Amino acid sequence: MENARKTISFIGFGEAGQAFASGFSEEAPVVEMRAFDIKTDGPGAAQKREDYRRHAVTGTNTCADVCGKTDAIFSLVTAEQAGAAAEAAARTALDDVFYLDCNSCAPHTKRCVAARIEAAGGRYVDVAVMTPVHPKRHRSPCLLAGPHAEAAHEMMVGLGMDVRIAGDGVGAASAHKMIRSVMIKGLEGLTLECFLAARKYGIVDEIMTSLDNSFPGFGWPERAPYMMERAITHGTRRAAEMREVEKTLGDIGIDPHMTAGTVARQSQVGALGLNAGEIGAGEITALSDAILGRLKVEKP
């Protein structure tokens with residue numbers, strides 16, 4: 001990276017924003033960071049201020065505050081908030097600032113956001129974060145797309161990020177993420193449904209052994225509870241992403257039957273308000289019992 005100090009801004013400072021910020025603060029010391037999160041104003045304000053402090057980030061009171069006089073804006077909000085975040089950012093003269101839209105949205109949604117950002121003078125980049133942000137944090141592999149992707153690639157590599165260009169049209173990167181999510185988030189939904197049923201019938205171990213035999217090397221005993229934990233913690237956010245997947249498939253004439261089921265299952269489990277860490281990480285029986293208890297499912 002150039003020796004000149006860079007200012008990086010975050011719209012949204014949840015898991016992904018904090019992961020990126022922690023990586024930047026450790027490995028890119030010439031970076032100054034600012035953030036705005038809607039939780040800054042509300043019941044969670046104290047915790048969000050602590051998140052800013054812990055990651056050496058300057059918190060701001062409005063989206064406009066975080067968008068002014070910056071080199072790049074990372075938009076890292078939930079899928080349903082991506083448009084609102086862009087609208088708020090676009091109320092500021094963006095003056096060639098990179099607007100790195102890392103949200104899990106359909107290509108059409110990203111093109112609509114791009115038009116709004118470009119009208120405000122920003123340089124919109126479609127970004128798809130292709131893996132969980134832990135443990136690699138800011139080095140998590142990302143795809144870039146759009147007319148400013150090449151210029152953004154140079155800047156992001158300078159920040160130590162692992163990025164490659166998927167195409168010069170907005171939506172090319174997000175298409176990869178959306179279609180991959182059919183399988184990744186869908187597998188989580190299937191795992192939930194399978195092992196909740198297995199727990200009700202008292203055959204968790206037998207089903208686990210059978211799956212391990214059918215898919216050798218997949219690691220079901222480790223992966224199954226992990227996938228359940230992710231749905232418990234992020235099910236509401238995942239459901240919003242999968243609604244964007246439904247749009248992606250519909251736009252190309254593919255009926256999203258399986259994806260619709262994933263939306264329902266992820267939304268249902270995410271809405272239960274459970275804390276996977278308190279239940280017992282890696283304990284599929286405890287996780288299943290906690291979910292079933294909240295759902296009040298009767299025994300067969």
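Just so we're clear, the structure is a prediction, and the values are computed from it rather than from any experiment.
- Side-chain atoms of Thr209 never come within 3.5 Å of backbone atoms of Glu206 as a donor-acceptor pair (strictly under, hydrogens ignored).
- For the pair Asp255 (side chain) and His257 (backbone), a donor-acceptor distance under 3.5 Å is absent.
- Here the NZ atom belonging to Lys185 is positioned 4.0 Å from the CD atom belonging to Glu241, to the nearest 0.5 angstrom.
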CA sep, side-chain torsions, deciding dist, call: Leu272, Leu295, side chain to side chain contact (heavy atoms under 4.5 Å, CB included): CA-CA 8 Å; Leu272 297 178; Leu295 295 176; 3.9 Å; yes
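- Inter-residue side-chain proximity for Cys105 and Val113 is flagged as unmet; no heavy-atom pair is nearer than 4.5 Å.
- In this structure, Glu26 places its CD atom where more than 12 heavy-atom neighbours from other residues, nucleotides or ligands lie under 6.0 Å away.
- Counting only distance, with no hydrogens or angles, the side chain of Arg139 and the backbone of Gly23 share no donor-acceptor pair below 3.5 Å.
- Between Glu193 atom CD and Gln268 atom CD the span is 9.0 Å, to the nearest 0.5 Å.
- With Ser140 contributing its side chain and Arg137 its backbone, the two residues share a donor-acceptor pair below 3.5 Å.
- By the 4.5 Å heavy-atom criterion applied to side chains, Phe36 and Asp65 are not counted as neighbours.
- Minimum interatomic distance between Ala231 and Leu192 (heavy atoms only, all atoms of both residues): CB-CD1, 3.5 Å.
- Ser75 places no side-chain N or O within donor-acceptor distance of the main-chain N or O of Leu100, the cut-off being under 3.5 Å.
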Working for side-chain hydrogen bond (donor to acceptor under 3.5 Å, both in side chains), residues His148 and Glu118: CA-CA 11 Å; His148 305 293; Glu118 295 283 336; 3.2 Å; yes
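- His134 contributes atom NE2, which lies 6.5 Å from atom OG of Ser22 (distance to the nearest 0.5 angstrom).
- Nearest heavy-atom pair, Val263 versus Ala239, reported as atom, atom and distance to 0.1 Å: O-CB, 3.8 Å.
- Around CG of Asp251, the count of heavy atoms belonging to other residues, nucleotides or ligands within 6.0 Å exceeds 12.
- If you chain together hydrophobic residues whose side chains sit under 4.5 Å apart, Ile73 and Ile8 never meet in one group.
- Residues passing the side chain to side chain donor-acceptor pair (under 3.5 Å) test with Asp71: none are found, sequence neighbours excluded.
- Two residues are said to be in side-chain contact when any heavy atoms from C-beta on lie closer than 4.5 Å; Thr40 and Tyr52 meet this criterion.
- Side-chain contact between Asn61 and Asp41 is absent, with no heavy-atom pair separated by less than 4.5 Å.
- More than 12 heavy atoms of other shown residues, nucleotides or ligands fall within 6.0 angstrom of atom NE2 in His153.
- Transitive grouping of hydrophobic side chains (ILVMFWY, heavy atoms separated by less than 4.5 Å) keeps Met242 and Ile179 in distinct clusters.
- Contact between Asp212 and Trp220 at its shortest, heavy atoms only, is OD1-N, 3.4 Å.
- Side chains of Ser104 and Lys177: a donor on one and an acceptor on the other come within 3.5 Å.
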CA sep, side-chain torsions, deciding dist, call: Glu246, Arg243, salt bridge (Lys or Arg N to Asp or Glu O under 4.0 Å): CA-CA 5 Å; Glu246 287 185 287; Arg243 292 186 186 98; 5.5 Å; no
CA sep, side-chain torsions, deciding dist, call: Ser288, Val204, side chain to side chain contact (heavy atoms under 4.5 Å, CB included): CA-CA 10 Å; Ser288 298; Val204 169; 5.5 Å; no
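- Note that the CG atom of Leu144 and the CE atom of Met161 stand 8.0 Å from one another [nearest 0.5 Å].
- For the pair Val133 and Phe20, the minimum side-chain heavy-atom distance is below 4.5 Å.
- Residues Val245 and Ile184 do not share a hydrophobic cluster, defined by chaining ILVMFWY side chains whose heavy atoms lie under 4.5 Å apart.
- Rounded to the nearest 0.5 angstrom, Ile11 CD1 and Asn103 CG are separated by 9.0 Å.
- Heavy atoms of other residues, nucleotides or ligands lying less than 6.0 angstrom from CZ of Arg49 number more than 12.
- Taken to the nearest 0.5 Å, the CD1 atom of Ile279 stands 7.0 Å off from the CD1 atom of Ile291.
- Considering all non-hydrogen atoms of both residues, Ala106 and Met178 come closest at N-SD, 3.8 Å.
- Hydrophobic clustering, with ILVMFWY side chains joined whenever heavy atoms are under 4.5 angstrom apart, groups Leu76 together with Phe24.
- The pair Lys247-Glu244 meets the salt-bridge criterion, with a side-chain N (NZ, NE, NH1 or NH2) lying under 4.0 Å from an Asp/Glu carboxylate O.
- The main-chain N or O of Gly42 is never found under 3.5 Å from a side-chain atom of Lys48 such that the two would form a donor-acceptor pair.
- Each of Arg265, Met183, Arg238, Glu229 was checked for a side chain to side chain contact (heavy atoms under 4.5 Å, CB included) with Glu188, and the lone residue meeting it is Arg238.
- Between the side chain of Asp126 and the main chain of Gly171, a donor-acceptor pair closer than 3.5 Å is present.
- Of all heavy-atom pairs spanning Ser9 and Thr70, the tightest one is OG-OG1, 2.9 Å.
- For Glu15, the side chain to side chain donor-acceptor pair (under 3.5 Å) partners at least two apart in sequence or on another chain are His234.
- Judged by distance alone, the side chain of Lys110 and the main-chain N or O of Ser174 form no donor-acceptor pair under 3.5 Å.
- Between His55 and Phe13, the ring-plane angle classifies as perpendicular under the 30° and 60° cut-offs.
- Between the side chain of Ser267 and the backbone N or O of Ala264, no donor-acceptor pair lies under 3.5 Å.
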Audit row: Phe195, Leu287, side chain to side chain contact (heavy atoms under 4.5 Å, CB included) steps and yes/no: CA-CA 10 Å; Phe195 282 99; Leu287 293 167; over 6 Å; no
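- Put simply, Met228 and Met208 are part of the same group of oily side chains (I, L, V, M, F, W, Y) that touch within less than 4.5 Å, one to the next.
- Side-chain atoms of Gln47 and Lys39, non-hydrogen and from C-beta on, never get closer than 4.5 Å to each other.
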Check against side chain to side chain contact (heavy atoms under 4.5 Å, CB included), Val127 and Asp101: CA-CA 5 Å; Val127 181; Asp101 187 350; 5.8 Å; no
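- Leu143 places a side-chain heavy atom less than 4.5 Å from the side chain of Met130.
- In this structure, His108 and Cys112 have side chains that are in contact, with non-hydrogen atoms separated by less than 4.5 Å.
- A donor-acceptor pair under 3.5 Å is formed between the side chain of Arg223 and the backbone N or O of Phe218.
- The minimum heavy-atom distance between Cys67 and Leu94, with the atom names listed, is CB-CD2, 4.2 Å.
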